[in-house]
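Reminder, nothing fancy here: chain letters follow the sequence lines and each chain counts from 1. What's counted below: heavy atoms across the whole structure, side chains too, no hydrogens, waters or symmetry copies.
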Amino acid sequence: MKLGLFIPCYIDAFFPEVGVATLELLERLGCSVEYPLDQTCCGQPMANSGCQDDAAATEDLFVRCFQDFDMVVGPSGSCVHHVRFHLDAMEQTPRARKVRAGTRELIEFLNDDLKVADFPWAPAFPHKVGLHDSCSAVRGLGHARPSERVNEPYFSKTRDLLSKVGGLELIEIDRPDECCGFGGSFCVTDEAVSAKMGFDRVHDFHRHGAEYIASADMSCLLHMKGVIDRLKLPMKDIHIAQILNGGPQ
Amino acid sequence: MTHVVDPEKRAARFIALEVHESTHDRLVWGMRQNRDKSVSGVPEWEELRALASQIKEHTLTHLDHYLEEFGANATKLGTHVHWARDADEHNAVVYDVLNAHRVKSLIKSKSMLQEECGMTPYLQKRGIEVTESDLGERIQQLSDEPPSHIVVPAIHKLRTDVAALFAEKIGTDPKDADPHNLAEAMRQNARPKFMAADAGMTGANFAVAETGGFVVCTNEGNADIGASVPPLHVASIGIEKLIPRARDLGVFIRMLSRSALGSPITQYTSHFHGPRRGGELHVVLVDNTRSTRLGSPDFWHALKCIRCGACMNTCPVYRRGGGLSYGATYSGPIGVILDPGFDLSKYRELPFHSSLCGSCTEVCPVKIDISDQIYKWRRVVAAKGLLSLSKKVGMSALGTTLAHPALFHTAESVGESALEHLPRFLLYNPLNPWGKHRELPAVPKQTFRQWYLENRRKS
């Protein structure tokens with residue numbers, strides 16, 4: 001199976017180490033992975049602002065980059081959510097539908113498609129970790145049972161994967177899946193609300209003794225790291241791909 | 001030009017009050033927690049949600065039939081049935097009824113529909129004294145503010161705010177902020193008005209087609225005093241409040257207060273079937289844009305709303321910014337999808353006052369796809385050319401950059417300072433407010449693509 005590696009624009013520019021960890025992780029699990037060099041973005045920033053016309057060409061580029069792969073994997077719940085559920089500014093050609101249906105977020109790919117039972121290299125991460133499941137991952141892609149569905153049995157694909165990491169201690173917080181306030185361009189257009197949500201979220205982790213905030217969404221982490229650094233809190237952020245790949249490089 | 005509501009600026013002002021925002025977030029989140037506890041005691045909750053949604057969808061897709069059935073049955077019970085196309089007609093009908101009875105003072109319970117129609121100022125201008133009987137609504141009326149929450153209208157206020165307000169308006173001790181004392185002072189103040197009112201007005205939570213009766217749910221019993229003491233009772237009912245049968249009530253009554261406050265049922269669930277002996281009962285069935293919405297494939301589901309406020313309680317944006325930041329009758333996620341239907345130009349910014357976290361959709365007892373509708377309203381705003389200039393220009397430039405790999409790679413090329421670098425393709429806004437409360441990320445030595453070219457494509 002030929003996997004296309006989807007590295008969203010902001011990860012490419014700001015967090016290359018997350019792209020590297022994702023690629024290495026997939027390769028170590030035996031996948032044949034290629035990164036199409038012309039990719040830029042999935043179109044979400046424009047589409048999320050309602051600008052379908054401005055999103056169409058970027059979506060078309062995304063589909064062209066990935067149309068020859070069996071599946072596409074990317075380390076970002078929010079971007080993958082856009083591809084699967086909202087990438088409809090461009091014409092819905094058979095190749096567009098194929099790319100959309102075959103795009104997976106990294107956690108769900110490891111869990112649902114590869115069905116990873118363990119990591120042969122025995123990753124260890126002896127730290128207290130607070131898990132931040134992004135809203136698009138939990139309520140959009142179904143990574144975990146959302147907190148609102150109190151009567152359904154609990155599950156979390158992310159927790160299952162992290163349980164295979166040695167020494168990692170997951171801490172519990174007061175509001176397990178409250179939004180961190182990033183929200184795309186919301187983070188600048190609704191700055192006061194976004195920042196307050198970020199402060200509250202980061203304090204929830206800090207209050208409960210987290211050394212790291214771990215997430216499968218780097219955009220949430222970008223926002224929370226901005227808050228952590230401003231408040232000078234003794235916490236770090238890390239993408240789950242990095243933990244599974246054996247810790248920050 | 002229409003006045004455009006700026007929810008971001010209004011929310012920022014509320015957050016700047018610090019104690020207000022943190023108290024508001026704690027109390028409103030507490031209602032969400034109570035909802036969770038209460039719902040976990042009803043194992044068939046998800047089935048109830050599906051059933052409630054189906055009943056509403058069925059009713060809305062056969063609304064003409066059920067409206068006529070309700071009208072005929074209500075008339076048989078001796079109720080006077082009126083029909084109003086819009087807010088103006090509603091207000092005129094109400095005034096005509098009141099005027100015919102020479103009503104000088106009116107006591108009303110909480111009705112979002114009457115808020116929507118701007119009824120109180122309309123009647124006051126015509127010389128009728130209107131007194132809100134719900135404590136929270138009365139606080140809001142004395143403050144000259146709209147309700148900030150569907151269920152708890154003054155939740156954004158601290159008790160010290162209420163003490164100051166009552167001291168000014170009804171002469172209480174400004175230093176006494178004890179909630180029991182404040183409630184008692186208002187009781188003493190309002191009671192004579194209740195007893196002397198010439199007419200009582202209510203809304204309705206549900207109108208039952210097969211019986212011609214309607215149901216009003218309150219926690220203070222205030223609707224009952226308004227409907228029982230004065231000889232004249234007028235109820236305003238949105239046409240989306242219809243349900244087919246009395247037995248359907250069981251589904252909704254079980255969900256309403258559990259979703260709202262986490263209590264199994266409201267303290268009072270009052271059923272009105274025709275006028276009481278010696279009294280007169282009028283109902284006004286109001287459209288006011290509802291039938292237009294019913295014709296919209298993307299937005300008609302919003303008519304299923306039973307006004308429980310669960311979406312507000314769970315909304316992280318609502319809890320931080322407060323209900324008044326929406327500048328509209330309906331606030332919170334449900335407001336974001338209802339208000340633009342009344343005035344798109346005025347409420348064009350509301351769909352952007354959301355992080356699209358999706359929690360509202362999950363708590364909604366009648367399964368309205370609230371979050372998806374917020375997303376779709378953004379498309380409507382953009383398609384009608386109503387986006388703010390910075391969004392319009394920013395998104396167009398961003399779309400061009402991201403559609404062309406060469407342009408994108410130049411834009412992200414390392415060497416520019418982070419501050420110049422970020423707004424261009426990540427933060428989309430030339431007036432970058434990111435740094436006000438957050439630090440910027442460091443720019444790495446190379447992009448992932450550059451690393452990939454060096455490490456995987458060396459040949």
Side-chain angles (χ1 to χ4, degrees), chain A residues 7 9-16 19-20 35 37-38 40-41 43 45-46 48-52 54-55 57-58 60-61 86 135 139-140 146-152 175 178-179 181-183 185-200 222-223 225-227 229-230, chain B residues 8 11-12 15 21 25 29 36 39-40 43 45-46 314 316-317 320-321 352-359 361-363 375 378-383 387 391 395-396 398-399 402-403 405 408 412 425-429 432-434 436-441 443-444 446-449 451-452 456:
Chain A
I7 298 299
C9 53
Y10 67 98
I11 294 185
D12 180 51
F14 291 105
F15 308 104
V20 173
Y35 171 80
L37 289 166
D38 277 349
T40 56
C41 163
M46 290 76 75
N48 253 16
S49 292
C51 302
Q52 288 289 85
D54 296 320
T58 303
D60 192 67
L61 174 64
H86 289 151
C135 300
R139 300 185 193 90
S147 62
E148 299 86 4
R149 300 252 180 166
V150 290
N151 291 328
E152 291 177 6
R175 303 181 186 183
E178 172 104 324
C179 177
F182 173 66
S185 54
F186 172 82
C187 76
V188 284
T189 59
D190 221 331
E191 187 276 335
V193 175
S194 167
K196 187 60 174 57
M197 287 164 69
F199 276 55
D200 290 349
L222 164 74
H223 167 66
K225 181 178 159 45
V227 172
D229 290 350
R230 174 59 57 91
Chain B
E8 289 87 12
I15 290 170
E21 184 276 332
D25 173 57
W29 176 253
D36 286 356
V39 165
S40 65
W45 186 258
E46 292 301 323
T314 202
V317 175
R320 287 353 181 275
F352 300 93
H353 194 44
S354 161
S355 65
L356 294 177
C357 84
S359 187
T361 301
E362 294 293 333
V363 294
Y375 184 80
R378 291 183 182 185
R379 289 186 180 180
V380 174
V381 171
L387 278 183
K391 272 199 197 92
M395 287 304 150
S396 166
L398 187 68
L402 291 172
F408 172 65
E412 65 173 352
F425 79 100
L426 180 71
L427 299 176
Y428 331 125
N429 193 327
N432 176 15
W434 174 274
K436 218 169 149 190
H437 292 102
R438 288 160 293 203
E439 297 299 328
L440 290 160
V443 179
Q446 56 181 187
T447 64
F448 173 77
R449 185 175 181 273
W451 177 92
Y452 186 84
R456 289 293 189 279

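Put simply, of Arg449(B), Arg378(B), Arg438(B), the one with the most heavy-atom pairs under 4.5 Å next to chain A is Arg438(B). Note: Asp12(A) leads Thr58(A), Asp12(A), Ile11(A) in heavy-atom pairs under 4.5 Å with chain B. Counting heavy-atom pairs under 4.5 Å between each of Leu387(B), Thr314(B), Val317(B) and chain A puts Val317(B) at the top. With chain A as partner, the option from Ser359(B), Ser354(B), Gly399(B) having the largest number of non-hydrogen pairs under 4.5 angstrom is Ser359(B). The residue among Pro146(A), Ala195(A), Ser147(A) with the most heavy atom pairs within less than 4.5 Å of chain B is Ser147(A). Most heavy-atom pairs under 4.5 Å with chain B, from the set His86(A), Arg175(A), Lys225(A): that is Arg175(A). When the candidates Gly43(A), Gly183(A), Ala57(A), Gly19(A) are compared by the number of heavy-atom contacts under 4.5 Å with chain B, Gly19(A) comes out ahead. Of the residues considered (Asp38(A), Asn151(A), Val150(A), Val193(A)), Asn151(A) shows the highest number of contacts with chain B, using heavy-atom pairs under 4.5 Å. Counting heavy-atom pairs closer than 4.5 Å to chain A, the top residue among Cys357(B), Ala382(B), Ala383(B) is Cys357(B). For the set Gly358(B), Ala12(B), Ser40(B), the count of heavy-atom pairs under 4.5 angstrom toward chain A peaks at Ser40(B).
Relative to the ring axis of Phe352(B), Lys391(B) places its NZ or CZ within 45° and under 6.0 Å from the centre.
A salt bridge links Asp200(A) and Arg320(B); the closest N-O separation between the charged side-chain nitrogens and carboxylate oxygens is under 4.0 Å. The pair Lys196(A)-Glu21(B) meets the salt-bridge criterion, with a side-chain N (NZ, NE, NH1 or NH2) lying under 4.0 Å from an Asp/Glu carboxylate O.
Looking at Leu37(A), both its backbone and its side chain come within 4.5 Å of chain B, counting heavy atoms on both sides. Both the backbone and the side chain of Val39(B) have a heavy atom closer than 4.5 Å to some heavy atom of chain A. Both the backbone and the side chain of Pro316(B) come within contact range of chain A, judged by heavy atoms closer than 4.5 Å. Looking at Glu46(B), only its side chain comes within 4.5 Å of chain A, counting heavy atoms on both sides. Both the backbone and the side chain of Asp54(A) come within less than 4.5 Å of a heavy atom of chain B. Neither the backbone nor the side chain of Asp60(A) has a heavy atom closer than 4.5 Å to any heavy atom of chain B. Interface remark: Trp451(B) contributes side-chain atoms only to the contact with chain A (heavy atom separation under 4.5 Å).
Counting only heavy atoms from C-beta outward, the side chains of Leu61(A) and Pro405(B) approach each other to under 4.5 Å. Residues Phe14(A) and Leu440(B) are not in side-chain contact: their nearest non-hydrogen atoms beyond the backbone lie 4.5 Å or more apart. Counting heavy atoms from C-beta on, the side chains of Val20(A) and Tyr452(B) never come closer than 4.5 Å. In this structure, Glu8(B) and Glu191(A) have side chains that are not in contact, with every pair of non-hydrogen atoms separated by 4.5 Å or more. You'll find the side chain of Cys9(A) stays beyond 4.5 Å of the side chain of Thr40(A), heavy atoms only.
Using cut-offs of 30° and 60° on the angle between ring planes, the pair Phe182(A) and His223(A) is tilted.
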(request) Run the numbers on Thr361(B) and Glu148(A) for side-chain contact (heavy atoms from CB on, under 4.5 Å), then give the verdict. (result) CA-CA 10 Å; Thr361(B) 301; Glu148(A) 299 86 4; over 6 Å; no
(request) Mind running side-chain contact (heavy atoms from CB on, under 4.5 Å) on Phe15(A) and Leu222(A) for me, showing each step along the way? (result) CA-CA 9 Å; Phe15(A) 308 104; Leu222(A) 164 74; 3.7 Å; yes
